[in-house]
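Structure first, commentary second.
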2 protein chains.
Amino acid sequence: MINKEEFRKKIIISAGLIFSRYGFKKTTMDEIAKALKMGKSSIYYYFESKEDIFEAVVLHEANILRTELTTAIKSVESPIDKMKNYIFVRMKSFEKLSNYYNAIFDKNLDHYDFIETIREKYDREELAILRLIIYHGQRKKVFNVINSEYTAMAIQTTLKGLEVPLFWIKKEVNIENRLDAILNVLFYGIVRK
Amino acid sequence: MINKEEFRKKIIISAGLIFSRYGFKKTTMDEIAKALKMGKSSIYYYFESKEDIFEAVVLHEANILRTELTTAIKSVESPIDKMKNYIFVRMKSFEKLSNYYNAIFDKNLDHYDFIETIREKYDREELAILRLIIYHGQRKKVFNVINSEYTAMAIQTTLKGLEVPLFWIKKEVNIENRLDAILNVLFYGIVRK
DNA sequence: ACTGCCTTCGAACAAATTGGTCGAAAAATC
DNA sequence: GATTTTTCGACCAATTTGTTCGAAGGCAGT
């Protein structure tokens, strides 16, 4: 009644909830299996390894985020609003992603090469989107940047820099205020006056 | 420059952060030690065991909660407001406590007897506070209950019942709305009309 | 320099946990 | 009822984990 591919997705979503809560290392195959009410070994019929599941989960999350970003960008016209929306959606996903990437950032935990690989792939995609927004802003003569490639990288670096401490600071500080602060800093050097 | 007792408190607070995030089982002595920049074995100079630390952490949290509850109750006069404040503060601590008690409620994880013991002690304390609020309400002729002991237990059961699913439902539902719903249900049988 | 005390540490270990395998049973499909 | 798809429990090797222990560092007083 439900094919293999659909069941894989079911696993991805279920495992995603656990990974997002505990990170890669602290999530066990047993937990993933029990959450799906299956035996541990049954999971291996659908995925080769724990890393395999994790990769699928992250790619799935990246897809969702990409869709959210795309619609958020398309929903407005002005380059400033596009950039604003982009950063906003991206920031909202920080917390979630931070949990996934837990294994990387938390110095207490081990370092996993394969996670870095996934991340690099994701970063390159993000860079492409940022570049497009900047191109658009240049054409509309709203942005004033010398090298759009480096500018995109600079923005990405800023966002990534926020990502890590964001994981640790108090959650009471609301996202709108943080967003304003970031936009102010970021736009001061970008927007043509 | 810093005595033993103070350092114990330092450990309690630091370990508390980790326990509250990962629960008892998923928290390792190594993590606690590294967070304090010490060797794992050094911790054993201050505490006998991991369970020992956990107990200290929970008791510390319970103390904080007790203080919060007491001031919240004292800050208002009417029994209804007292009960309202009590439930409000208690609910806000649910999430935190749920994480600690993770090991109990999460069916995927094992069952720890010693946590139950700590919990029972805490529950008895809570019951006493509830009883006092009810007495006060009766004296002021605001509450209309037959047996204050059993009523306190009934309220406690309601709160505890909420605790578990609260851990799982979406966090977007805001606490004020939930509070209203609970108060409506709870007060319907208690408040004299 | 010596003594005694408080504190930290690394090495070591037994027990438990973990990701993963395999063959057989069970369920579904033909 | 034969064949394919899916699930499962038993099992394993490797790693992790809580805990112990003796040595040693640091420090105060003598």
Side-chain angles (χ1 to χ4, degrees), chain A residues 1-16 18-19 21-58 100 102-103 106-115 118, chain B residues 1-12 14-16 18-19 21-58 100 102-104 106-115 118:
Chain A
M1 56 171 178
I2 178 171
N3 69 27
K4 199 166 170 180
E5 208 45 49
E6 282 177 57
F7 204 90
R8 272 176 60 96
K9 192 159 239 169
K10 235 179 151 179
I11 294 177
I12 289 172
I13 289 167
S14 180
I18 307 175
F19 277 130
R21 180 160 171 72
Y22 295 116
F24 179 74
K25 192 184 179 186
K26 280 178 188 285
T27 298
T28 70
M29 293 298 284
D30 245 330
E31 284 174 305
I32 295 174
K34 276 191 182 143
L36 287 155
K37 293 184 209 297
M38 318 175 69
K40 185 172 52 161
S41 46
S42 303
I43 307 281
Y44 286 88
Y45 179 67
Y46 297 95
F47 289 93
E48 272 193 4
S49 65
K50 187 183 168 189
E51 295 193 2
D52 217 31
I53 301 176
F54 186 81
E55 184 165 337
V57 166
V58 174
Y100 285 123
N102 207 324
D106 190 340
K107 285 164 231 138
N108 296 334
L109 298 176
D110 295 333
H111 184 87
Y112 295 97
D113 284 338
F114 85 101
I115 297 181
I118 299 171
Chain B
M1 56 173 172
I2 177 171
N3 68 28
K4 198 168 172 180
E5 208 46 48
E6 280 177 59
F7 204 90
R8 272 176 61 97
K9 192 160 239 168
K10 234 180 154 178
I11 295 177
I12 289 172
S14 181
I18 307 175
F19 276 132
R21 179 160 170 71
Y22 294 117
F24 178 75
K25 192 183 178 186
K26 280 179 189 285
T27 298
T28 70
M29 292 298 284
D30 245 330
E31 285 173 305
I32 295 175
K34 276 190 181 141
L36 288 155
K37 295 184 208 297
M38 317 175 69
K40 189 167 54 159
S41 47
S42 303
I43 307 281
Y44 287 87
Y45 178 67
Y46 297 95
F47 289 93
E48 272 193 4
S49 65
K50 187 182 168 191
E51 295 194 0
D52 216 32
I53 301 176
F54 186 82
E55 182 165 339
V57 166
V58 173
Y100 286 122
N102 208 325
I104 299 175
D106 190 341
K107 283 164 232 136
N108 296 333
L109 298 174
D110 293 335
H111 185 88
Y112 297 97
D113 284 339
F114 85 100
I115 297 181
I118 299 171

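Order of the sequence lines fixes the chain letters, A, B, ..., with proteins taken first and strands second; residue numbering starts at 1 for each chain.
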#### Entry: Selection from dT6(D), dT17(D), dT7(C) that lies nearest to any side-chain heavy atom of K4(A)
dT6(D)

### Query
When we call it a touch if two heavy atoms are under 4.0 Å apart, what does Y46(B) touch: a base, just sugar-phosphate, or nothing?
sugar-phosphate

Check nucleotides 9-13 of chain D against the protein and report each pair of N or O atoms closer than 3.5 Å, with its distance, or say if there are none.
residue, atom, partner, partner atom, Å
dG9(D), N7, S41(A), OG, 3.1
dG9(D), O6, S41(A), OG, 2.4

### Query
Can a side chain N or O of Y45(A) be found less than 4.0 Å away from OP1 or OP2 on dT7(D)?
no

### Query
Is the NZ or CZ atom of K26(B) positioned over F19(B)'s six-membered ring, under 6.0 angstrom from the centre and within 45° of the axis?
no

### Query
Are the side chains of R8(B) and E5(B) in touch, meaning some heavy atoms are under 4.5 Å apart?
yes

### Query
Nearest-Å distance, CD1 (I43(B)) to C1' (dT20(D))?
15 Å

### Message
Quick check: do I18(A) and T28(A) have side-chain heavy atoms less than 4.5 Å from each other?
### Response
no

### Task
When you get a sec, tell me which of dG18(D), dG20(C), dC8(D) is the closest nucleotide to the side chain of T28(B)?
dG18(D)

#### Entry: Under 3.5 Å donor-acceptor, K50(A) side chain and T27(A) backbone
yes

### Query
Any side-chain heavy atom of M38(A) within less than 4.5 Å of one from Y46(A)?
yes

### Query
Out of curiosity, S42(B) OG to K37(B) NZ, how far, rounded to the nearest 0.5 Å?
14.5 Å

## Note on the structure
Of the candidates dT7(D), dT19(D), dC9(C), the side chain of M38(B) sits closest to dC9(C)

#### Entry: Net bend of the helix from dA1(C)-dT30(D) to dC30(C)-dG1(D), end axes of five pairs each, nearest 10 degrees
30°

